[in-house]
Number of protein chains: 2
Amino acid sequence: MNDKIIPHFSDEVRGVSAANGSAKAKIERAAVWLFSEHGIDGVSTKSIAAQAGVSEGLIYRYFKNKEALARDLMLAIHNRLTLMIIDAGKSEATLPAQIHLITRAYCEIADDDWTLFRYHILHISRFPGLSETPSLSPHGAAARLIKNAMERGEIPKMNPDVLAAMVLGVVLQPAQAKVLGAIKGPLSKHAAVFEKGVLAVLGLNADKE
Amino acid sequence: MNDKIIPHFSDEVRGVSAANGSAKAKIERAAVWLFSEHGIDGVSTKSIAAQAGVSEGLIYRYFKNKEALARDLMLAIHNRLTLMIIDAGKSEATLPAQIHLITRAYCEIADDDWTLFRYHILHISRFPGLSETPSLSPHGAAARLIKNAMERGEIPKMNPDVLAAMVLGVVLQPAQAKVLGAIKGPLSKHAAVFEKGVLAVLGLNADKE
DNA sequence: AACAAGTTAGTGAGCAATCACTCATTACTG
DNA sequence: CAGTAATGAGTGATTGCTCACTAACTTGTT
């Protein structure tokens with residue numbers, strides 16, 4: 001439980017952003033916090049500037065408009081999660097090994113920047129375009145891994161999109177429950193349970209215990 | 001696949017609202033459609049009135065303000081889903097029988113009023129109060145059924161809130177995937193697969209096939 | 001060093017547009 | 001005509017965004 005999974009991945013997956021003290025970073029941190037709490041339309045540019053401790057006009061030096069600011073932040077976590085799944089698919093050959101890596105990394109990314117992750121699961125639906133590019137979304141990447149495993153004969157063939165959604169739900173719904181206060185503490189604490197649940201949905205855990 | 005599950009439940013679970021042609025019903029239908037599409041803050045009272053074919057002022061004859069309208073609609077589907085789970089817990093004695101009923105009914109309620117269901121899963125987080133009353137939320141009701149099954153010795157003991165979230169995720173994440181366009185057709189088509197997945201997460205499907 | 005010129009970072013008053021909501025008035029109905 | 005249903009122009013507040021401006025810092029020339 002001590003060793004982190006994230007360092008095994010590339011820099012993009014580990015999550016990098018603007019220099020911590022810069023004005024741009026202050027705006028981003030203020031915005032992601034306020035957006036996750038009140039929704040994008042529930043936050044004014046004035047309140048973002050106030051929370052960041054900068055003037056309102058400065059936002060428009062770094063971002064074209066409020067929507068672009070919201071989109072950039074969403075894209076950061078969206079791509080981070082997607083690339084993590086793709087990387088895991090490349091570094092491991094079998095579905096169970098991939099799932100072991102992915103469940104841990106998913107939880108660690110969520111715990112690492114919970115505000116940004118919370119923003120992602122609460123408000124991703126504001127950006128339909130991000131999910132309409134299947135290969136660059138967590139769902140699409142997961143569906144691809146599952147489809148490959150089906151073609152290798154690791155699991156029975158069925159609709160990979162439905163199965164990918166069921167599998168993602170085993171991890172994402174507890175995350176949403178944590179957002180809504182029904183579950184407490186870091187997600188990583190439950191990573192082993194999530195892994196077991198995911199394997200069960202895939203019919204891969206008959207040989208355990 | 002022909003027989004519906006919904007009729008087995010009480011009137012409240014079957015879903016009843018204002019008379020179809022009344023002005024109040026027209027406002028509700030217009031609001032739930034626009035809210036689910038653009039979010040509550042992304043919809044103006046003017047646009048609701050226009051879509052409903054009534055004047056803007058009429059909204060305030062039937063609802064105290066825009067927030068109350070949004071809350072009433074959310075409460076309708078929220079209570080409908082919650083009561084369905086509670087009812088299933090009363091009418092069936094074992095967890096597998098309860099799950100058989102619930103997965104079907106969940107899908108049928110979603111298909112029956114997809115716009116309202118879509119509004120629920122996309123924007124429930126706007127009303128944290130609804131989830132903070134655990135016994136009156138789908139998550140809370142499901143957690144109770146699971147906890148009871150643990151005490152009857154049907155499944156191993158563990159954190160019932162975490163397990164309830166994982167189980168709900170198996171059904172809700174495919175619903176979200178359908179919202180985002182990754183899955184098509186009615187949810188009921190996949191009810192049997194969802195049931196199998198839920199049983200697997202609970203460790204209850206060793207005796208199948 | 002001294003100064004001028006140019007570039008970048010940052011400000012905040014102000015603007016047109018839109019917002020949720022009110023209310024005096026009208027239309028309808030039994 | 002009493003009572004309810006319905007209207008929509010009007011209101012003050014707030015919105016996202018602009019832009020003329022200042023402050024601070026780099027660079028080039030002497």
Side-chain angles (χ1 to χ4, degrees), chain A residues 16-76 119 122-130, chain B residues 17-76 119 122-123 125-130:
Chain A
V16 286
S17 62
N20 265 13
S22 76
K24 186 176 181 183
K26 284 199 284 185
I27 291 170
E28 287 175 338
R29 279 203 307 274
V32 72
W33 161 254
L34 291 170
F35 285 159
S36 78
E37 194 79 352
H38 306 105
I40 296 164
D41 293 324
V43 172
S44 65
T45 51
K46 226 170 269 280
S47 68
I48 295 172
Q51 173 93 5
V54 302
S55 70
E56 197 180 354
L58 192 59
I59 295 172
Y60 295 89
R61 174 170 299 274
Y62 298 111
F63 303 94
K64 189 192 167 195
N65 50 35
K66 194 177 93 165
E67 194 73 12
L69 167 57
R71 175 173 292 267
D72 277 8
L73 293 168
M74 186 59 73
L75 217 61
Y119 173 56
L122 286 182
H123 303 295
I124 178 65
S125 58
R126 266 292 300 257
F127 305 93
L130 297 192
Chain B
S17 62
N20 265 13
S22 76
K24 186 176 182 184
K26 285 198 284 184
I27 292 170
E28 286 175 340
R29 278 204 307 274
V32 72
W33 161 252
L34 291 170
F35 284 160
S36 77
E37 195 78 352
H38 306 106
I40 295 163
D41 293 324
V43 172
S44 66
T45 51
K46 220 172 273 280
S47 68
I48 296 173
Q51 174 92 7
V54 301
S55 70
E56 196 179 355
L58 192 59
I59 295 172
Y60 295 88
R61 173 172 300 272
Y62 298 109
F63 302 95
K64 189 193 167 195
N65 50 35
K66 193 178 94 166
E67 194 73 12
L69 167 56
R71 176 173 291 269
D72 277 9
L73 293 168
M74 186 59 73
L75 216 61
Y119 173 56
L122 286 181
H123 304 295
S125 58
R126 267 291 301 257
F127 306 93
L130 298 192

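Residue numbering restarts at 1 for every chain, and letters A, B, ... go by the order of the sequence lines.
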Q) So which nucleotide from dG16(D), dC17(D), dT22(C) ends up closest to the side chain of Y60(B)? A) dT22(C)
Q | Proximity to the side chain of V54(B) - top-ranked nucleotide from dA5(D), dT7(D), dC17(D) | A | dT7(D)
(Q) Without decimals, in angstroms, what is the distance between K24(B) NZ and dT4(D) C1'? (A) 16 Å
Q: Please report, rounded to the nearest Å, how far the P atom of dT14(D) is from the NZ atom of K46(B).
A: 18 Å
Q) Of the nucleotides dA6(D), dC17(D), dA20(C), which one has an atom closest to the side chain of A23(B)? A) dA6(D)
**Q.** Separation of dC17(D) C1' from F63(A) CZ (nearest whole Å)
**A.** 16 Å
**Q.** Shortest non-hydrogen separation from I59(B) to T45(B) and the atoms involved
**A.** CD1-O, 3.5 Å
Q. Contact class for T45(B) (heavy atom, under 4.0 Å): base, sugar-phosphate, or nothing?
A. base
Q) Quick one: K26(B) NZ to dA5(D) P, roughly how many Å, whole number? A) 14 Å
(Q) Quick check for you: to the nearest 0.5 Å, what is the distance between K26(B) atom NZ and Y62(B) atom OH? (A) 10.0 Å
Q.
Rounded to whole Å, how long is the line connecting atom CD1 of I59(B) with atom P of dC23(C)?
A. 17 Å
Q) Would you say E37(A) and V43(A) make side-chain contact, with heavy atoms under 4.5 Å? A) no
Q.
Mind checking if Y62(A) touches a base, just sugar-phosphate, or nothing, with heavy atoms under 4.0 Å?
A. sugar-phosphate
Q.
Distance check needed: dC21(C) P versus I48(B) CD1, whole Å only.
A. 10 Å
Q. Among the nucleotides dC19(C), dG8(D), dC17(D), which one has an atom lying closest to any side-chain atom of S55(B)?
A. dG8(D)
Q: May I have the distance from E56(B) (atom CD) to dA9(D) (atom C1'), rounded to whole angstrom?
A: 11 Å
Q | Residue mapping more 5' on DNA chain D - nearest nucleotide basis, R61(A) or I40(A) | A | I40(A)
Q) DNA chain D: V43(A) or L58(B), which has the more 5' nearest nucleotide? A) L58(B)
Q: Answer whether the closest heavy-atom distance between the side chains of F127(B) and I40(B) falls below 4.5 Å.
A: yes
Q | Residue pair I48(A) / F35(A): nearest heavy atoms and the distance that separates them | A | CD1-CZ, 3.9 Å
Q: To the nearest Å, give me how far apart CD1 (I27(A)) and P (dA9(C)) are.
A: 12 Å
